[in-house]
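Take a look at the structure below.
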Protein chains: 2
Amino acid sequence: MKNLDQTDRKLLRLLQQDCRITIKELSKKLYLSNTPVYERIKKLEKRGIIKGYVALLEPEVLDRSMVVFISLSMENHSRDAVEKFKNEVMVLTEVMEFYYTSGNYDALIKLMVKDMNAYSIFVQEKLSKIDIVSRFNSTFIISSSVKTVFDI
Amino acid sequence: MKNLDQTDRKLLRLLQQDCRITIKELSKKLYLSNTPVYERIKKLEKRGIIKGYVALLEPEVLDRSMVVFISLSMENHSRDAVEKFKNEVMVLTEVMEFYYTSGNYDALIKLMVKDMNAYSIFVQEKLSKIDIVSRFNSTFIISSSVKTVFDI
DNA sequence: ATTGAAACGAATGAACG
DNA sequence: CGTTCATTCGTTTCAAT
């Protein structure tokens, strides 16, 4: 939270909620004129605090409404092997997130697929063909809730 | 993928990568004039296919660089109990995601916290005080990779 | 569904406190 | 840090197709 004053924080909160808001509107909400708001945003972007601006899409329409987490064990834990596996897996359409983990398994991947058939194809045609994977366990998501805004 | 032509898909791909791109720039990339691009975006918003536009922030700066997944079991699985628990837990600053799951546990929550101390405080002061939780198991994330763009 | 132009509104940067 | 103001640029609407 270093070097973020109250105005920066409010600005970040607003941009997390809707980043297509105009600078003019932001200025009103922050009780400032355009220029400081504009310059604060540019500074936050340059400092890497704002990493990007993305549109959120409805998974349903894109045939991605089924969410599955797969915990898996790996046969090799070298830095290079983990990195290679991560790259291999993140290239796959179905895989949205990769985590290298502590605990009973070594990694966790989050899948978003159309249906059970697409899941099955993923496991049989893709995951099973990656040699480093020794065993895995799938957790199917019944319902979920995801925050897109950090409390600042 | 119904009712999305190639132009819509390319548009969605571009907006997922950078939603602050101007309509003018989009028009160039799509080889169209402003109006159709403008109208396609509005239509995609109205159809709920574009759910929103958000700024992505660097967790480090916000004291959120530690990621933990907690799998947990619940003592009551009624629809209302699950809904109540979801709301209770999503209100907590540390919790970014909630999943109601199949498998060995009943739910999975994703935490983003500053450090082990913050994690510990979360468990002791918050999670342990929610009665419906009967047991839980934490998985600490060593490294991760997250996609913000669906392959369309 | 698309074009091109016109009207309007917002972003950017200079000058300054 | 901030403001105001001038210029540039993007958005939005509309007639025509």
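Letters go in sequence order (proteins before strands), and every chain restarts at 1.
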- Message: If you compare every side-chain N and O of A:Lys42 against the phosphate oxygens of C:dG13 (OP1, OP2), does one of them come in below 4.0 Å?
- Response: no

- With A:Arg135 as the cation and A:Tyr105 as the aromatic partner, state whether NZ or CZ is under 6.0 Å from the six-membered ring centre and within 45° of the axis. yes

- Message: Rounding to an integer number of Å, can you tell me how far A:Ile21 CD1 sits from D:dG10 C1'?
- Response: 17 Å

- Nearest-angstrom distance from the residue atom CG of B:Asn34 to P of D:dT13: 13 Å

- Query: Should we count CG of A:Asp131 as having more than 12 external heavy atoms under 6.0 Å?
  - Reply: no

- Query: Is the shortest distance from a Lys or Arg side-chain nitrogen in B:Lys86 or B:Glu83 to a carboxylate oxygen in the other one below 4.0 Å?
  - Reply: yes

- The side chain of A:Lys24 lies closest to which of these nucleotides: C:dT3, D:dG2, C:dA10? C:dA10

- Query: Over how many whole Å does the gap from B:Ile41 atom CD1 to C:dA1 atom P extend?
  - Reply: 16 Å

- Please report, rounded to the nearest Å, how far the C1' atom of C:dT3 is from the OH atom of B:Tyr31. 18 Å

- Message: Just the rounded figure in Å: distance from P of C:dT2 to CZ of B:Arg40.
- Response: 5 Å

- Query: Picking from C:dA1, C:dG13, D:dC14, which would you name as closest to the side chain of B:Thr35?
  - Reply: D:dC14

- Note on the structure: Walking DNA chain D from its 5' end, the first of A:Ser33 and A:Arg20 to be reached, judged by nearest nucleotide, is A:Ser33

- Message: Could you tell me how far apart B:Lys28 (NZ) and C:dG4 (C1') are, to the nearest whole angstrom?
- Response: 17 Å

- Query: Are the aromatic ring centres of B:Phe69 and A:Tyr99 under 6.0 angstrom apart?
  - Reply: yes

- Task: Assess the pair A:Tyr119 and A:Phe140: is the distance between their ring centroids shorter than 6.0 Å?
- Result: yes

- Item | Length of the NZ-P vector between A:Lys43 and C:dT12, whole Å | 16 Å

- Would you mind telling me which of C:dT2, C:dA1, C:dA11 lies closest to the side-chain atoms of B:Glu39? C:dT2

- To the nearest Å, give me how far apart OH (B:Tyr38) and P (D:dT11) are. 10 Å

- Query: Nearest of D:dG10, C:dA11, C:dT2 to any side-chain atom of A:Thr22?
  - Reply: C:dA11

